[in-house]
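Structure, as structure tokens:
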Amino acid sequence: MKIDVVLGLQWGDEGKGKIVDVLAGRYPAVARFQGGPNAGHSLQFEGKSFVVRSVPSGIFREGSTNIIGNGVVLDPVTFREECNNISRMGITPKDKIIISKKAHLILPTHKLLDAANEAAAGKGKIGSTLKGIGPTYTDKISRHGLRVGDILAPDFKDRFEKLKQRHIRQISDLNFDCDPEKGEQEWMEAIEFLKSFRLEDCEYFVNNWLEAKPMLAEGAQGSLLDVDYGSYPFVTSSSTTIGGVCTGLGVPPSRVGHVFGIFKAYCTRVGSGPFPTELFDETGEKIRQVGHEFGAVTGRPRRTGWLDLVALKYTAMLNGVTDLVMMKSDCLDDFETVKVCTGYKINGEVTDRVPFDTQAEIEPIYTEFKGWNTDLTGIREEKDLPAAFKDYIKFMEEFIGIPVKVISLGPDRNATIER
Ligand code: IMO
Ligand code: MG
């Protein structure tokens, strides 16, 4: 069987949680392959809403298995908190979650280092979520990290102490003032909690599973935040694109099936970095308010702008997207005109490529559409969609060369049209 993939094609917050939750009914297992608690995936069903951070969005589906893969970085404290909240919904996380022993642990000092790095960067700061993501992946790549499986080793505390002391030296080099012991006791308690879970060599589990049953991989962040293809250095520290599925779960590329590429009908970005179609006017503010574009994790107001098809075509190419999934078009119901960016003008020249120098002065070239001025939220069938809206989608499909297979018209599970 195949592992199908859901991933974000923009700067995160595309609505991956909702789509994974919708699709999870068809996949008995959902796996996270990268990122960590910098993710905030919102789900809404039966009048309830929930935000998951490290736990896969399949958790609320009956009988589902949820895998936290080796490519993920795990903060035991956030994880325990999340599990406690899930337990209150009448679900027993321990019965439904399997964690890779090779996933790396976020230490309390990783978070301090994140803050220290950002403070030292001043105006050039990334706008990190300060969850310790960058420093944890740095330790992984530089071969200093601690992994989930290490918590079972007799010398775990010594290894923790050694890494902590290393971090303290780094923090001191950055002249950052903080208490390095802060949160340590809580962290150690959360490590004990983690020990009660199924910790496995997940690559065996995943490949065995795929012999008989399908699985869904749930991306976090978005392709434009990918450490290689995003607007470096204003990116996250993991491979958010398709290759991350293979390295983050231990599955060969031949196992990958459908790739669902999720995007919003407009763009948002949190944190710093280039954003060619960003709006600083009333329209941008209107999108923010109508779309409730405030961070699910940090509460920060998100930057907003028109849909960027140049960037979308690029990320669809990188991921080999088979099915486009369009989110939140209902948020544009009340606009006289709707714009999409179809080219960049850089130094007087027009291009349809994302340039190496993402800091370059980019002037977006727009194609304008007449707004559909119809309330889409109650529509459940393709035939009831207004003609202006259908034209808009057709244009997009032709530009990118990939069909829009799913249209989401509201946050609830049921507000979804499959084509
Ligand atoms: P989900 O999965 C949106 C952004 C941060 C910052 C940059 C680096 O909910 O879509 P990091 O903490 O990873 O070092 O921050 O990446 N960022 C996200 N933006 N959605 C996310 O996740 C994000 N995770 C990280 O705002 O600009
Ligand atoms: Mg988010």
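Owing to the predicted nature of the structure, the values given are computational and were not obtained by experimental measurement. Whatever order the structure lists them in is the order used to number ligands and atoms, beginning at 1. These values consider heavy atoms only, across backbone and side chains, with no hydrogens, waters or symmetry-generated copies.
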Numbering as shown, the atoms of ligand 1 that approach [X] to under 4.0 Å (heavy-atom distance):
| X | result |
| --- | --- |
| G271 | 27 (O) |
| K16 | 1 (P), 2 (O), 10 (O) |
| W11 | 3 (C), 19 (N) |
| L225 | 4 (C), 16 (O), 17 (N), 18 (C), 19 (N) |
| G127 | 5 (C), 6 (C), 26 (O), 27 (O) |

Contact (N/O only, under 3.5 Å) between S272 and ligand 1: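 So ligand 1 has no N or O lying under 3.5 Å from an N or O of S272.
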Nitrogen or oxygen of Q221 less than 3.5 angstrom from that of ligand 1: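 Yes, Q221 has an N/O under 3.5 Å of an N/O on ligand 1.
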Heavy atoms only, cut-off 4.0 Å: how does [X] contact ligand 1, side chain, backbone, both, or neither?
| X | result |
| --- | --- |
| H41 | side chain |
| D114 | neither |
| F234 | neither |

Salt bridge present between E293 and R300 (N-O < 4.0 angstrom):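 No, no charged N to carboxylate O under 4.0 Å.
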Name, closest N/O/S atom of D13 to the Mg ion (ligand 2): OD1
